[in-house]
Student: 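The structure follows.
Every value quoted in this text rests on a predicted model; they were computed, and no experiment measured them.
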Amino acid sequence: MIEAPTATQTLDAKGLLCPMPIVKLARAIKELSSHEILLLEATDPGAVPDVAAWSKTTGHLVLHQDRIGKVMRFWIQKS
């Protein structure tokens with residue numbers, strides 16, 4: 001099993017529906033310094049394609065993702 005990176009900050013977006021997890025992610029990533037890692041936790045199934053598309057357009061890298069039950073977790077490194 002691959003170990004997840006250590007996050008600088010965790011963003012709880014559980015229970016929020018599209019587009020709120022991405023809106024909150026965009027705000028939270030601005031608060032980090034370059035190369036710091038944000039852990040996003042979300043329950044909206046749309047978060048998987050949304051985070052991938054957001055990462056591609058912003059240049060912030062999704063280092064790792066997993067799922068525990070209904071909670072999808074994304075480790076995102078600020079570019």
Side-chain angles (χ1 to χ4, degrees):
M1 184 173 178
I2 298 172
E3 273 194 45
T6 301
T8 304
Q9 181 179 336
T10 300
L11 174 60
D12 181 357
K14 296 185 292 285
L16 301 178
L17 299 176
C18 182
M20 290 314 296
I22 298 300
V23 170
K24 290 187 171 280
L25 172 59
R27 287 183 190 149
I29 205 87
K30 288 179 183 177
E31 302 299 317
L32 299 182
S33 297
S34 187
H35 303 292
E36 287 187 315
I37 298 170
L38 177 71
L39 168 58
L40 169 66
E41 296 180 327
T43 50
D44 180 3
V48 174
D50 290 349
V51 169
W54 178 85
S55 172
K56 188 175 181 178
T57 57
T58 63
H60 302 301
L61 183 64
V62 178
L63 299 174
H64 183 74
Q65 73 183 62
D66 68 16
R67 181 179 186 141
I68 298 175
K70 293 183 179 184
V71 179
M72 289 149 287
R73 302 186 306 167
F74 307 86
W75 284 261
I76 303 157
Q77 184 176 44
K78 184 172 180 173
S79 59

Student: With clusters defined by side-chain heavy atoms of hydrophobic residues (ILVMFWY) lying less than 4.5 Å apart, directly or transitively, does I22 cluster with M20?
Tutor: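 Not linked; separate clusters.
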
Student: Can you list, pair by pair, the side-chain donor-acceptor contacts under 3.5 Å of residues 29-41, counting residues two or more places apart and other chains?
Tutor:
residue: S34; atom: OG; partner: S79; partner atom: O; Å: 3.0
residue: E36; atom: OE1; partner: S33; partner atom: N; Å: 2.7
residue: E41; atom: OE1; partner: K14; partner atom: NZ; Å: 3.1

Student: My understanding is that a hydrophobic cluster links ILVMFWY residues whose side chain heavy atoms are under 4.5 Å apart, including indirect links. Using that, what else belongs to the cluster containing I68?
Tutor: none

Student: Which atom pairs, donor and acceptor, lie under 3.5 Å between side-chain atoms of residues 50-59 and protein residues at least two apart or in another chain?
Tutor:
residue: S55; atom: OG; partner: H60; partner atom: O; Å: 2.4
residue: T57; atom: OG1; partner: A53; partner atom: O; Å: 3.2
residue: T57; atom: OG1; partner: W54; partner atom: O; Å: 3.1
residue: T58; atom: OG1; partner: W54; partner atom: O; Å: 2.8
residue: T58; atom: OG1; partner: H60; partner atom: N; Å: 3.4

Student: Which heavy-atom pair separates P5 from H64 by the least distance, and what is that distance?
Tutor: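 Closest approach of P5 to H64, heavy atoms only: CD-CB, 3.7 Å.
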
Student: Following the transitive rule for hydrophobic clusters with a side-chain heavy-atom cut-off under 4.5 Å over Ile, Leu, Val, Met, Phe, Trp and Tyr, establish whether V48 and L25 coincide in one cluster.
Tutor: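 Both belong to a single hydrophobic cluster.
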
